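Here the structure is laid out as structure tokens; the discussion comes afterwards.
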Protein chains: 2
Amino acid sequence: MKSHQTTIIDIAHELKISKSTVSRALIGHPNVKHTTRMAVLELAEKMDYQRNMHAISLITRKSSTLGVIVPEFTSSYFPEIIIGAQTAATAAGYNIIISQSNESYETEVANTRVMLANQVDGIMISMTKETRNYDHFKVFQRKGIPIVFFNRVCDEMKVPKVVVDDYDGAFKVVEHLLSIGKNKIAHLAGPDSLSMSVKRLSGYLDALKKHQVAINEQWIIPYDLSIPKVSIYVNHLLNLENPPNAIFAINDPTAIEAIQVIKKAGLRIPQDIAVAGFSNDYISSLIEPSLTTMSQPVQKIGIKAIELLIDQIKRDVKDWKAVTHVLKTELIIRNSTLIS
Amino acid sequence: MKSHQTTIIDIAHELKISKSTVSRALIGHPNVKHTTRMAVLELAEKMDYQRNMHAISLITRKSSTLGVIVPEFTSSYFPEIIIGAQTAATAAGYNIIISQSNESYETEVANTRVMLANQVDGIMISMTKETRNYDHFKVFQRKGIPIVFFNRVCDEMKVPKVVVDDYDGAFKVVEHLLSIGKNKIAHLAGPDSLSMSVKRLSGYLDALKKHQVAINEQWIIPYDLSIPKVSIYVNHLLNLENPPNAIFAINDPTAIEAIQVIKKAGLRIPQDIAVAGFSNDYISSLIEPSLTTMSQPVQKIGIKAIELLIDQIKRDVKDWKAVTHVLKTELIIRNSTLIS
DNA sequence: CTGTTAGCGCGTTCAG
DNA sequence: CTGAACGCGCTAACAG
């Protein structure tokens, strides 16, 4: 039993009319008699006819498909961005194909190849933490396929980006920690390959400077975002001769892990040491103590990225602008920094 | 500036050889002189050549793409299944296109149409909680496109399925609750459109029967898995004249929400009321108190579903078997049921 | 309003 | 080992 795809030809044959008429009827072209159109539509439905996107893409040279590449799926952060992206894409008549690079540069490169082979009309991407070569992105530019970065953006690429105000967010978190009387603030930072890390770090530094709090290099620990390593660094901090009384973590998963380590060490949060994160992951309100963090408009990030993509698709290449959209964050104060 | 796709013809033209030779070289066909093959490969690389999957799919009538449809992305459950699925698919040379139905029947139907139009070679799906009509699934069967259900399966469809032993899991959770001295166990159940709910409910009932514990209908509350409603039901339970001293929730998000409500009501967990969930979401070990739950081999579910899909793709349609794969669960005891 | 023709990019015969 | 010709399913010209 051959699995036979219903085609326009089948319908045309059945109805004894030409393929082009069937095609026109299906496509909604005005020049079709009402009765024939209805006949076609009805039969198409009956025969489970589905337009073959591959044939259409081959002709139109576009696929109505957008690619999304994210580094991971495990925190709630990227899934929520994807929800926003999918909503916006669907509304605009685009499908999205999602893939996760699993924080691996190799996989990321492979994923971009898949996207190219599938002739995506555009791509939105958040880099892995280990991506330092950008050739696989530049291919898109050379081919005139729009690319938009979000969250983990690539400074070297002159393309639109969607980010939150990392500097400002970090600045405000640190000010908040200072305001509750914590003046020995450590920072579990990200790798400096990500400009996000750099910006949050400099927000941290500037907030301390502004309030004339001495900066202690020992308290600044850049790490590779691999959660299992957090315990090493946190324990190290706790065992310093002059340990910090607050930790500002680069993101929520890091902060959450830090909290576990601190609790295990028998210290009280926030009395002995306060903790703050960044992103307001779903989980942050549920842990004990609940986590103070900067919330990001996650779904909005996804929506905006798709909008920028579609905007570029509709423009001429010459007309593209490399705007960076900076979305606002909001401080959510919870028990991990609440001194009663 | 027209965005020009590099094609086989471009390469052939450049090298002054025929298109078919280029095609053969690219494809790895043996009958190509080594030197010409190298020349082609080199030039292809240099020109950013990417095979056009649409053209290939049109000819081969297969897309090397598998569809994945999940109801949601917000808990860690489905993302982890997707990680497993993507790993297995990539290893077998398939791409996957993911979409989430957002628990909406309409969206689910739309998603299946997209998958069809994209000529997926197979599809793995977990239904929405409101899906009660299965015509959009049957289309795949009629077209001879393999379909595999996982987690939220459709009993009416005679196709392969991947599930965990819901009955057994629920049974053991309830036995565990009984073993710690809780004999008034409520069950926040799922909608009976999902066979998963039915099975967990019957595991609950049978465990009680086996241990000759009276069943109290008041304590069994089926709901639609919409988390905000959990507080209504839990408060209702707490305010009963004869309130339960344990709650077995259909899944972890429900259990976690229940815990929040109970804490807000000022009751102690597990002393006043114990709570258990199902699935071992990422978050369950981090909340306070940590949640007792049945862990599911999530990544394995994704891997198995893809394997079943590929197995069917390689077989003849007549050769398909509608096996249901039942994976084991494992009880994870945490503080929400730990009486010291 | 409808039919005919060409061709999107590529793999696959069939000839050399 | 290589080239020419055909066709996958469909849309877009061009004729009626």
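Here the structure is a predicted model, which is why all the values come from computation and not from measurement. Below, chain A is the first sequence line, B the second, and so on; all start at residue 1.
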Partner residues of B/R315 under the side-chain contact (heavy atoms from CB on, under 4.5 Å) criterion, sequence neighbours left out:
B/D311, B/D319, B/W320, B/K321
I'd like a table of atom pairs between the protein and nucleotides 2-6 of chain D - only N or O on both sides, under 3.5 Å - with the distance next to each one.
residue	atom	partner	partner atom	Å
D/dT2	OP2	B/K33	N	2.9
D/dT2	OP2	B/T36	OG1	3.3
D/dG3	OP2	B/S18	N	2.9
D/dG3	OP2	B/S18	OG	2.8
D/dG3	OP2	B/T21	OG1	2.7
D/dG3	N7	B/R24	NH2	2.6
D/dG3	O6	B/R24	NH1	3.1
D/dG3	O6	B/R24	NH2	3.3
D/dA4	N7	B/S20	OG	3.4
D/dA4	N6	B/S20	OG	3.3

Atom CD1 of B/I9 and atom C1' of C/dC8: how far apart are they, to the nearest Å?
10 Å
Under 6.0 Å from the NZ atom of A/K300, do we count more than 12 heavy atoms belonging to anything else shown?
no
Which value, rounded to the nearest 0.5 Å, describes the distance between B/N111 atom CG and B/H136 atom NE2?
9.0 Å
If you compare every side-chain N and O of B/R37 against the phosphate oxygens of D/dC1 (OP1, OP2), does one of them come in below 4.0 Å?
no
Distance in angstrom units between B/M53 CE and C/dC8 P, rounded:
20 Å
Nearest-Å distance, CD (B/Q119) to C1' (C/dC10)?
16 Å
For A/I8, which contact category applies under a 4.0 Å heavy-atom criterion: base, sugar-phosphate, or nothing?
sugar-phosphate
Rounded at 0.5 Å granularity, tell me how far CD1 in B/I125 sits from OG1 in B/T131.
7.0 Å
Whole-Å gap separating C1' (D/dC10) and CD1 (B/I59):
14 Å
Take atom CG of A/D10 and atom C1' of D/dC8, then tell me their distance rounded to the nearest Å.
13 Å
At 4.0 Å (heavy atoms only), tell me whether B/L26 reaches a base, stays on the sugar-phosphate, or touches nothing.
nothing
How many whole angstroms separate atom OH of B/Y49 from atom C1' of C/dG11?
10 Å
Checking B/T74 against B/E72: is there a side-chain donor and acceptor pair closer than 3.5 Å?
yes
Relative orientation of the end axes in the helix from C/dC1-D/dG16 to C/dG16-D/dC1, expressed as an angle to the nearest 10° (five pairs per end):
40°
Please verify the inter-ring angle class for B/H54 with A/H54; under 30° counts as parallel, over 60° as perpendicular, anything in between as tilted.
tilted
CZ of B/R113: more than 12 outside heavy atoms within 6.0 angstrom?
no
Got a second to check how far B/T6's OG1 is from B/D48's CG, nearest 0.5 Å?
6.0 Å
Rounded to whole Å, CG of B/L58 lies from C1' of D/dC10 at a distance of 8 Å
Using whole Å, report how far CG of B/N52 lies from P of D/dG9.
16 Å
Between OG of A/S126 and CD of A/Q100, what distance do you get to the nearest 0.5 Å?
12.5 Å
Just to be sure I understand the rule, does B/I56 reach a base, reach only the sugar-phosphate, or reach nothing, if contact means heavy atoms closer than 4.0 Å?
sugar-phosphate
